[in-house]
Asker: 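Sending over a structure as structure tokens; questions will come in a sec.
Reckoned from all heavy atoms, side chains included, excluding hydrogens, waters and symmetry mates. Read the numbers this way: they start at 1 and go in the same order the structure lists the ligands and their atoms.
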Amino acid sequence: MIVCVNCNTKYNDNEVIYTCKECGSVLEVDIDIENLDISKDIFDCRKDILWKYKEFMPVDETKIVSLDEGGTPFCKCDKLGSELGIELFVKVEGSNPTGSFKDRGMSVGMTKAMELGVDTVGCASTGNTSASLAAYAARAGLRCVVLLPSGKVALGKLAQAMFHGAEVLSVNGNFDEALEAVTALALEKHLYLLNSINPYRLEGQKSIGFEIVHELGWESPDRIILPVGNAGNISAIWKGVTEFYKAGFIDSLPMMTGIQAEGACPIVNAFRKNTMDLVPTENPETIATAIRIGAPVSSIKALRAIYDSNGFAETVTDDEILEAQKELARKEGIGVEPASAASIAGLKKLVAEGIIDKGEQVVCIVTGHLLKDPNTAINACVEPIEIDADVDALKKVLLNK
Ligand SMILES: *Cc1c(COP(=O)(O)O)cnc(C)c1O
Ligand SMILES: [Zn+2]
């Protein structure tokens, strides 16, 4: 069953619908946890992908479109953690098939598309959604249309969307404008929209929450920190941990902590005013293009997650993002794209501000792979030294430092 998060109006699973017909709010898929009589032990003998939790995925099991997404690394980061006086784990979502967590949502969303029998799928994207959609549409054999804000998409993401055969349209406008345009096309039924306004996307992404508490031996961490753009992922992870709580698999819940870039921070602004009312950022700007979003569609769900979990929301600057990106790469060997590093930059800031207590167990989600945005990575480094292939030349450079 699909339910409106605002007015509770219920819709049939097989209705193609993105927002509530009564009030215009966003929708959520309701999982009947009470009648889901399963033991958590059944997950252990299954392959380590998101479909391991298939009982919690509200789609037809015979129609699954998958690239074995999920089951991503969960790395304990002792160097960074001990410097900050906390216990730190990093969930490396760049290890998904196309290099971001979007694959989790796309697997479930594309499965739903097959169930509904659509022939065309589409999205607006800051990059990773299009890369993922293009790959999963290829796998499913469906036509794929993606709208990208002109000149603002990182190179690796653009390469993926084009190479997997999507029809790529470069839009004169930002992400929010592109999303509005493609949503209008979807409402006229020309394509099935697989942005995170589609509640089935979040059903896949909630598996990040499942995996974290499972990895921790059926315990919730004190806190989960992640970058927030369109605000789907923080909502999805909260839904995941809440479902496992309701199922009796864990007995506490994490403080959901969202980090935004200073130039694109409507959720943080609402949090600071302790309200649910979102004032969109008119011209969002940040080097972290994946979170360069001014009007997050899942703001209600995200703010509820933050308030209900006694969590927090904070901004970071582009400089703080780039510094955290480098620190994670050099101290822990984990290469992430700029938006992902917002979680680490936010962690550092919240420890400094005393919001995060010493000894807390914290999980940072790093959302996308370093190679998504090779230009930003190269620009942050000094150029390689040019040298002859000669042992004396090597010694001169390497031993005389
Ligand atoms: C999509 C994305 C985000 C933002 O996630 P939302 O669900 O839009 O809040 C953050 N980082 C990366 C790498 C992404 O691809
Ligand atoms: Zn409604």
Asker: May I have the step-by-step check of salt bridge (Lys or Arg N to Asp or Glu O under 4.0 Å) for Asp78 and Lys76, ending in yes or no?
Answerer: CA-CA 6 Å; Asp78 285 333; Lys76 191 149 187 282; 2.9 Å; yes
Asker: Does the residue Ser196 have a heavy-atom contact with ligand 1, meaning some pair of atoms that are separated by less than 4.0 Å?
Answerer: no
Asker: Give the atom numbers and elements of ligand 1 that come within less than 4.0 Å of a heavy atom of Val228.
Answerer: 9 (O)
Asker: At under 4.0 Å between heavy atoms, which part of Glu337 makes contact with ligand 1: side chain, backbone, both or neither?
Answerer: side chain
Asker: Check this for me, if you would: do Glu55 and Arg46 make a salt bridge, where the nitrogen-to-carboxylate-oxygen distance has to be below 4.0 angstrom?
Answerer: yes
Asker: Looking at Ile291, which atoms of ligand 1 are within less than 4.0 Å of one of its heavy atoms?
Answerer: 4 (C), 10 (C)
Asker: Starting from atom 12 (C) of ligand 1, which protein heavy atom do you reach first, and at what distance in Å?
Answerer: Thr367 OG1, 3.2 Å
Asker: Can you name the nearest heavy-atom pair linking Ser66 to Ile64, along with the distance?
Answerer: CB-CG2, 3.8 Å
Asker: Below 4.0 angstrom from a heavy atom of Gly232, which ligand 1 atoms are there? Numbered from 1 as shown, please.
Answerer: 6 (P), 7 (O), 9 (O)
Asker: One thing to verify: whether Glu320 and Lys348 come together as a salt bridge, which I'm taking to mean a side-chain N less than 4.0 angstrom from a carboxylate O.
Answerer: no
Asker: Are Lys239 and Glu243 within salt-bridge range, i.e. N to O under 4.0 Å?
Answerer: yes
Asker: So which protein heavy atom does atom 5 (O) of ligand 1 come closest to, and at what separation?
Answerer: Phe101 CZ, 3.4 Å
Asker: Report yes or no: do Glu61 and Trp51 form a side-chain donor-acceptor pair below 3.5 Å?
Answerer: no
Asker: Checking a contact table here: which protein heavy atom is nearest atom 7 (O) of ligand 1, and how many Å away?
Answerer: Asn233 N, 2.8 Å
Asker: Can an N or O of Gly368 be found at a distance shorter than 3.5 Å from an N or O of ligand 1?
Answerer: no
Asker: Test of understanding: given a 4.0 Å heavy-atom threshold, classify the contact between Asn128 and ligand 1 as side chain, backbone, both, or neither.
Answerer: side chain
Asker: Return yes if a side-chain donor-acceptor contact under 3.5 Å exists between Thr257 and Arg223, otherwise no.
Answerer: yes
Asker: Would you call Glu211 and Arg104 a salt bridge, taking side-chain N to carboxylate O under 4.0 Å as the test?
Answerer: yes
Asker: Can you confirm, on distance only, whether ligand 1 has an N/O atom lying under 3.5 Å from any N/O atom belonging to Ala290?
Answerer: no
Asker: Check ligand 1 against Asn230 and write out every atom of the ligand that is under 4.0 Å from a heavy-atom position of the residue.
Answerer: 6 (P), 8 (O), 9 (O)
Asker: Do Lys21 and Glu15 meet the salt-bridge criterion of a basic N to acidic O distance under 4.0 Å?
Answerer: yes
Asker: How wide is the angle at the Zn ion (ligand 2) between SG of Cys7 and SG of Cys4, to the nearest 10°?
Answerer: 110°
Asker: Of the side chain and backbone of Thr129, name the one, both, or neither that has a heavy atom under 4.0 Å from an atom of ligand 1.
Answerer: neither
Asker: I need the contact type for Ala339 against ligand 1. Using non-hydrogen atoms and a strict under-4.0 Å cut-off, is it side chain, backbone, both or neither?
Answerer: side chain
Asker: Using the side-chain contact (heavy atoms from CB on, under 4.5 Å) rule, take Leu147 and Cys123 through it: C-alpha gap first, then chi angles, then the decisive distance, then the call.
Answerer: CA-CA 6 Å; Leu147 277 68; Cys123 70; over 6 Å; no
Asker: Can you report which non-hydrogen protein atom sits closest to atom 2 (C) of ligand 1, along with the distance?
Answerer: Lys102 NZ, 2.4 Å
Asker: Heavy atom to atom 9 (O) of ligand 1, shortest distance: which of Ser132, Gly94, Gly229 holds it?
Answerer: Gly229
Asker: Any side-chain donor-acceptor pair under 3.5 Å between Ser150 and Asn172?
Answerer: no
Asker: Given atoms SG of Cys23 and SG of Cys20, what angle do they subtend at the Zn ion (ligand 2), to the nearest 10 degrees?
Answerer: 120°
